[in-house]
Structures are given as structure tokens and as C-alpha cells.
Amino acid sequence: MDLKKLCEFLVQSLSFLKGIALTWFEPDLLNAIPGDEPTWADDYSEFVIKLTTNFGPHGPVSDAEHQLDNLSMKDSNRINKYIVKFNCLATQVHGYGEGALCHMFYNRLPDRIKDEIAHVGKPPHLVNLCTMVQGIDARYWECKSEIACQTKKQSDNSSGTTSSSSAGKKPQQPSPSSPKPSSNFSTPDLSGVLGKDGKLTATEHLHRIKNALCLFCGLPGHSAKDCPRSMSHVAKAHATQAASIAASIVETPAKAKK
């Protein structure tokens with residue numbers, strides 16, 4: 001590889017760096033002096049050594065063994081993701097036979113796959129085990145998809161039945177022959193005879209006393225305490241008290257004239 005192509009290749013490799021790795025190479029790139037370039041600038045193998053020495057794992061095999069020991073497949077994941085990760089780590093470890101790798105692969109599977117393997121038996125080779133679990137996982141997700149579709153159809157059918165039954169019902173109209181509930185008594189209109197304090201004015205008091213009218217409803221034939229239109233005992237009590245006060249007001253001028 002000539003120098004020009006090598007420089008282009010190095011620039012392309014540097015473009016993939018980010019974060020602290022890119023920051024580490026930036027001073028040599030920005031402050032490069034012609035004729036005094038860093039050793040890795042024209043030697044790709046030197047660039048790889050610098051990169052792996054400063055930012056690569058110090059024990060790649062031990063790191064791969066640790067990750068392989070802690071690798072497991074989640075119940076919500078698909079098998080392909082687990083197989084790719086397992087095979088990637090298995091190629092980085094040393095001294096693991098096929099039986100050991102097959103055992104580790106099986107132990108990290110979720111129970112839903114292990115239950116299906118128990119019915120047919122576990123293959124002795126890792127390749128055959130991977131093929132088997134791929135088929136089991138595919139059938140599992142296919143079944144899940146069918147159940148979801150059936151549930152959605154049932155939900156749509158039930159909602160459609162409910163809406164159609166609601167649309168078919170006619171709103172009930174009251175029968176013309178049925179009498180409407182009515183109140184025997186209505187609240188009297190006292191807006192024109194009440195003062196700001198909510199009580200009868202003195203003039204209205206005198207008017208009703210002189211004409212023997214009810215102090216509650218203003219009608220003749222009964223007193224406020226026996227008023228059929230008053231449904232509140234408290235209102236009757238107030239009316240009785242108002243009647244006694246009004247009577248005392250009428251009697252006082254009469255005594256004064258005598």
C-alpha cells in the first residue's frame with residue numbers, strides 16, 4: 001500500500017473514533033509538524049497497537065470468559081440475538097470443549113425453551129442444539145402472534161356488538177297517559193315583599209296581620225305555623241316568631257291610641 005492510500009485509510013479509520021479515543025489522537029492530528037509526524041501516521045499496525053493498548057481490553061480472554069459466564073437469554077428476547085452473542089464470545093475463549101459450550105448454552109436458555117427440549121431430548125452438539133432451539137423459539141412467537149390476533153378479533157367483535165345493540169335501541173319516551181310527578185305545594189314568590197335581610201318588610205307584616213293572611217305564603221285561612229306550603233320546621237319556627245313580633249307591633253300603636 002502506497003503512502004497516499006495508507007493516509008486515506010488511516011483518516012477513514014479515525015473517522016469511526018469518538019469520545020475519549022478521538023480526543024487522544026486529536027493533538028497529533030491538529031499539531032502535526034511536517035517531517036515530524038507520529039509513528040502511527042504512516043504505519044497502520046502501529047495505529048492499531050496504539051488504539052488497543054490505550055483503549056482495548058487488557059485481558060480480552062478473561063473479559064470474554066466473564067461475559068460468557070454471565071450471558072443469558074431473557075424470556076422476552078428472540079433466540080437469534082442470544083446465539084449471535086454466544087458464538088461471538090465462544091470464539092474468544094480458550095480451553096472450552098464443545099460439550100462445555102453446549103452445556104453453558106443450554107443453561108442460559110429460558111424455561112419456556114428448556115421445557116420443549118425436555119420432550120425430545122437435548123442434542124449432544126452445539127450446532128444441532130442451536131437449530132433445535134431456533135425452531136422452538138419460532139413456534140413460540142408464532143403462537144404468541146396468533147393469540148394476539150384472536151384476542152384483537154374478539155375485542156373488535158364485542159365492541160361492534162355493543163355499539164350495534166346500542167344503536168338498535170330506541171330512546172324511551174314517557175307515556176302520555178302516565179301522570180307527571182307534581183308537587184302539591186309550590187314555593188311562594190316572596191321577591192317583592194322581602195327586605196335586604198331576607199325577612200318580610202314592616203309594611204308587608206302589617207298588611208298580612210290586618211288582613212288575617214299567612215305570614216309565610218300570604219294566603220288566608222291559616223297561620224304561618226300551620227301553613228301547608230312550608231315544608232321546613234325551621235321556616236315555620238321563623239314564621240311563628242315573625243308573627244309574634246308583627247302582632248306586638250300592631251298592639252303597641254293600638255294601646256297608644258287608648
Side-chain angles (χ1 to χ4, degrees), residues 1 5-30 37-149:
M1 182 182 295
K5 290 185 178 180
L6 177 61
C7 291
E8 292 176 354
F9 186 69
L10 283 172
V11 171
Q12 184 179 5
S13 300
L14 288 168
S15 65
F16 289 99
L17 299 180
K18 60 181 179 179
I20 190 173
L22 179 60
T23 305
W24 193 89
F25 284 99
E26 275 183 349
D28 291 336
L29 294 173
L30 299 177
E37 293 86 358
T39 56
W40 56 265
D42 56 358
D43 189 344
Y44 182 74
S45 60
E46 184 68 19
F47 169 75
V48 173
I49 292 174
K50 288 284 185 182
L51 187 63
T52 55
T53 302
N54 291 281
F55 305 103
H58 292 283
V61 176
S62 59
D63 288 347
E65 290 176 349
H66 177 72
Q67 294 182 44
L68 192 61
D69 289 338
N70 294 277
L71 180 65
S72 61
M73 177 184 172
K74 295 181 179 180
D75 190 67
S76 58
N77 290 348
R78 295 182 181 268
I79 191 63
N80 290 339
K81 180 179 179 181
Y82 173 70
I83 292 177
V84 170
K85 186 65 176 176
F86 185 90
N87 289 336
C88 180
L89 294 173
T91 57
Q92 301 178 45
V93 298
H94 304 295
Y96 286 75
E98 185 177 14
L101 291 175
C102 188
H103 178 72
M104 295 180 68
F105 181 87
Y106 174 81
N107 282 342
R108 304 299 189 274
L109 294 172
D111 291 338
R112 62 177 176 84
I113 294 181
K114 288 181 180 179
D115 293 340
E116 295 297 327
I117 295 176
H119 294 296
V120 295
K122 182 173 64 174
H125 301 290
L126 182 60
V127 176
N128 297 336
L129 180 59
C130 291
T131 303
M132 177 184 290
V133 296
Q134 282 179 318
I136 293 173
D137 189 65
R139 290 192 296 271
Y140 171 80
W141 289 110
E142 183 180 359
C143 181
K144 291 279 286 186
S145 177
E146 291 177 358
I147 293 174
C149 291

Closer than 3.5 angstrom, by distance alone: can the side chain of S145 be matched with the main-chain N or O of W141 as a donor-acceptor pair? no
Interatomic spacing from NZ in K85 to CG in L71 - rounded to 0.5 Å: 7.5 Å
Rounded at 0.5 Å granularity, tell me how far CD in Q92 sits from OG in S62. 11.0 Å
H103 side, atom NE2; R108 side, atom CZ - distance, nearest 0.5 Å: 8.0 Å
For D75, enumerate each residue passing the side chain to side chain donor-acceptor pair (under 3.5 Å) test, keeping only those at least two apart in sequence or located in another chain. R112
For the residue pair P123 and C102, what are the closest heavy atoms and their distance? O-SG, 3.9 Å
Between M132 and G121, which heavy-atom pair has the shortest distance, and what is it? CE-O, 3.6 Å
Does the side chain of D111 come within less than 4.5 Å of K114's, by heavy atoms? yes
Residue pair L68 / L89: nearest heavy atoms and the distance that separates them: N-CD1, 3.8 Å
Enter the distance from T131:OG1 to L126:CG here, rounded to the nearest 0.5 Å. 9.5 Å
Counterpart residues, ring-ring contact (aromatic ring centres under 6.0 Å, His included), relative to F105 (two or more places apart): Y82, F86
Are any of the side-chain heavy atoms of V48 and T52 separated by less than 4.5 Å? yes
Distance in Å, D137 CG paired with E116 CD, rounded so as to fall on 0.5 Å steps: 11.0 Å
Would you indicate whether the side-chain heavy atoms of I117 and L129 approach each other to under 4.5 Å? yes
Main chain of P124, side chain of N128: is a donor-acceptor contact present, judged purely on distance under 3.5 Å? no
Do N87 and I83 touch side chain to side chain, with heavy atoms closer than 4.5 Å? yes
What's the separation between atom OG in S45 and atom NZ in K50, rounded to the nearest 0.5 Å? 12.0 Å
State, to 0.1 Å, how close M73 and R78 come at their nearest heavy-atom pair, and which atoms those are. CE-C, 3.6 Å
